[in-house]
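Heads up: the structure comes next, in structure tokens.
Numbers here are sequence positions counted from 1. As the structure is a prediction and not an experimental result, all values here were calculated from the model.
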Amino acid sequence: MSRLLIVCLVLLTGSLFANDNISGFTEPGGELTLKNAVAATLLGSPQLHAYSSEIRSARARQLQAGLTADPELEFEFDEFGGNKSFSGLDSMETTLKLSQIIQFGDKVAIREKVYSYDTLLAELEYASKELDICKEVADSFIKLLVVQKKIELAGEQVQICKKMADMIDKRVQAGKTGPLDYMKAKMLLAKAGLVEKQIVVHKEYLRKKLASLWGSQEPQFGRLAGDLEEYNNVPPIAELEKIIANNPDINQWAVEIQKRQAKAELARSQTSPDIKLSGGVKYFNESDGTAFVVGIGIPLRKPVRNRQLELEARHDLETASQQQRSNYLLVWGELNRLHSELASSYEKVTVIKSEILSTAKELFEATMLSYEQGKVDYLYLLDSQRSYFSVQEEYLDALAEYHLKMNELDRIAGN
């Protein structure tokens, strides 16, 4: 089983259980990068802290499984409390024995191996949860980065609306257009200002949501540092299929199969009976004498029961193999779906940026100039303005869609 993912996470956080030392966590402030947001979450997430506790519990169970059975100290009192010569304590016999179960068939070592796979499964579950949380951080970061950009865009739109209102006001004063055009321009300016305020409110919600992932209720960070327009074409599907082995959800089944193989081995070891050895001293009240006692116990287990245990273990192993195959096919299917959707998103972003956005901007600027010169009417100018603003919004939404799908792809690939 590849443990590359776990090693990478250790290098990123400083320790797989670094979040256990939450008292040393420092709230990120100032300009926030995605890398810093992920690191803060890995250190401060209460969810991950709970999962790391489960790993310690699994390790404790593994250590317990590797211990041999404890010896037993036994006391026996007999030959008393009856009738006639046995009515009192004179004839009582007292036995003190120490007994120990001796296990054969390497049961202790095999049992410890079974529980060692439980520890590995707990570590992989931790890694899987860590990936889930990292994806959630990345998604929240992208959404907040988009909103941050939309605030800038809304401010630009407010300035454009103000510029248009001032231009129309001058035309009204010069008698070149009617006052209704100015009223419409003022209304659009007010609506643009309202949209900007609503986006600012939504930004605060997203800031708190992001900070909550590392356990903070009051975010201390300021602007996000990131470039939404940094995007690349999707790698070939063959390359992605090679790296999904890093996915801990797939690796879990490989470990589960190893665990069930060990359980089958443990079931076979049960055919070797254990024995119980005991030895001690017996004291006779009546004669005031002592004697040694030795005993041996062998369990009588039916052969059919052993065969049932082995058969059950083999069926469990076969089931795990089928589930591993089914799980891999599900991940493979999701990978192919995302690859197709990402290719479509990349094409959409590229076309909007290279062909549509620049054209919409040039058209709007040319229409404003034509309106100022009296060559087009106000409705034509409004249509050009709406088209330009709409394309800008569409471009940001396309970038967000691309990056969110890329986060999903990275999660499936185990990155």
Side-chain angles (χ1 to χ4, degrees), residues 31 142-204 206 222-233 343-405:
E31 191 174 61
I142 292 298
K143 291 175 183 177
L144 183 54
L145 193 60
V146 169
V147 167
Q148 184 175 282
K149 189 66 178 177
K150 283 188 175 182
I151 290 176
E152 297 174 2
L153 179 60
E156 178 187 341
Q157 291 176 351
V158 167
Q159 293 301 316
I160 290 175
C161 288
K162 187 176 184 305
K163 181 179 178 181
M164 287 178 59
D166 292 342
M167 179 183 66
I168 294 171
D169 185 38
K170 291 179 181 178
R171 288 179 57 80
V172 170
Q173 298 300 327
K176 296 180 180 180
T177 188
L180 290 179
D181 287 353
Y182 180 68
M183 293 175 63
K184 291 178 183 178
K186 292 286 288 184
M187 181 184 67
L188 289 176
L189 175 60
K191 288 179 65 176
L194 178 60
V195 168
E196 183 181 22
K197 292 177 181 177
Q198 289 175 329
I199 298 175
V200 170
V201 171
H202 186 56
K203 174 190 173 184
E204 287 307 305
L206 292 178
R223 283 182 58 83
L224 301 187
D227 185 6
L228 284 171
E229 296 189 276
E230 184 180 338
Y231 58 92
N232 300 299
N233 202 352
S344 177
S345 293
Y346 174 80
E347 183 68 19
K348 183 177 181 180
V349 169
T350 303
V351 170
I352 292 176
K353 181 180 180 180
S354 62
E355 300 179 21
I356 301 177
L357 187 60
S358 57
T359 302
K361 182 178 181 181
E362 291 174 4
L363 177 62
F364 174 60
E365 291 175 348
T367 305
M368 280 189 66
L369 181 60
S370 297
Y371 177 78
E372 194 172 6
Q373 296 172 350
K375 296 179 181 179
V376 297
D377 60 19
Y378 185 59
L379 290 178
Y380 192 86
L381 176 61
L382 283 180
D383 183 63
S384 176
Q385 178 192 12
R386 291 193 189 98
S387 296
Y388 178 48
F389 288 174
S390 176
V391 169
Q392 287 180 306
E393 291 279 347
E394 188 178 359
Y395 180 55
L396 283 177
D397 290 340
L399 285 171
E401 178 185 352
Y402 169 86
H403 286 293
L404 291 174
K405 288 189 180 300

Considering all heavy atoms, the nearest [X]-[Y] contact:
| X | Y | answer |
| --- | --- | --- |
| V391 | A360 | CG2-CB, 4.1 Å |
| G155 | E196 | CA-OE2, 3.6 Å |
| Y402 | V349 | CB-CG2, 4.3 Å |
| E229 | K353 | OE2-CE, 3.6 Å |

Supply the atom-to-atom distance [X] [atom1] to [Y] [atom2], rounded to the nearest 0.5 angstrom.
| X | Y | atom1 | atom2 | value |
| --- | --- | --- | --- | --- |
| L399 | L404 | CG | CG | 10.5 Å |
| E394 | I352 | CD | CD1 | 4.0 Å |
| E152 | I199 | CD | CD1 | 11.0 Å |
| L206 | Q148 | CG | CD | 11.0 Å |
| M164 | D169 | CE | CG | 13.0 Å |
| I168 | Y378 | CD1 | OH | 4.0 Å |

Handout entry: Derivation and outcome, side chain to side chain contact (heavy atoms under 4.5 Å, CB included), residues L396 and L228
Key = CA-CA 8 Å; L396 283 177; L228 284 171; 4.3 Å; yes
Exercise for the section: Kindly say whether L363 contributes a backbone atom to a donor-acceptor pair with the side chain of T367 at under 3.5 angstrom? Expected result: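 Yes, the answer is positive, given that a donor and an acceptor are paired below the 3.5 Å cut-off.
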Practice task
Might you confirm whether atom NZ of K149 has over 12 heavy atoms from other residues, nucleotides or ligands at distances under 6.0 Å?
Solution key: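 Atom NZ in K149 is not packed in, count stays at 12 or less.
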Exercise for the section: Decide if atom CD of Q373 counts as having more than 12 heavy atoms of other residues, nucleotides or ligands within a radius under 6.0 Å. Expected result: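 For Q373, atom CD is crowded (more than 12 foreign heavy atoms under 6.0 Å).
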Exercise for the section: Going by the side-chain contact (heavy atoms from CB on, under 4.5 Å) test, name the single residue among I160, L188, L153 that passes it with F389. Expected result: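 It is I160; the other options fail the test.
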Practice task
Determine, step by step, whether I356 and Y395 satisfy the side chain to side chain contact (heavy atoms under 4.5 Å, CB included) criterion, reporting the C-alpha distance in whole Å, the side-chain angles of both residues, the deciding distance to 0.1 Å, and the verdict.
Solution key: CA-CA 9 Å; I356 301 177; Y395 180 55; over 6 Å; no
Exercise for the section: List the steps, then state whether side chain to side chain contact (heavy atoms under 4.5 Å, CB included) holds for Y371 with M167. Expected result: CA-CA 10 Å; Y371 177 78; M167 179 183 66; 3.5 Å; yes
Handout entry: Partner of D166 by salt bridge (Lys or Arg N to Asp or Glu O under 4.0 Å), out of K163, K162, K170
Key =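 Exactly one pass, corresponding to K162.
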Exercise for the section: Report the C-alpha distance between K191 and C161 in whole Å, list the side-chain angles of each, state the deciding distance to 0.1 Å, and finish with yes or no for side chain to side chain contact (heavy atoms under 4.5 Å, CB included). Expected result: CA-CA 10 Å; K191 288 179 65 176; C161 288; over 6 Å; no
Practice task
List the steps and the verdict of side-chain hydrogen bond (donor to acceptor under 3.5 Å, both in side chains) for Q173 and Y182.
Solution key: CA-CA 10 Å; Q173 298 300 327; Y182 180 68; over 6 Å; no
Handout entry: Trace of the salt bridge (charged side-chain N to carboxylate O under 4.0 Å, His left out) decision for K150 with E393
Key = CA-CA 8 Å; K150 283 188 175 182; E393 291 279 347; 3.7 Å; yes
Practice task
Measure the acute angle between the ring planes of Y346 and Y231, then classify it against the limits of 30° and 60° as parallel, tilted or perpendicular.
Solution key: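 Perpendicular, since the angle between the ring planes exceeds 60°.
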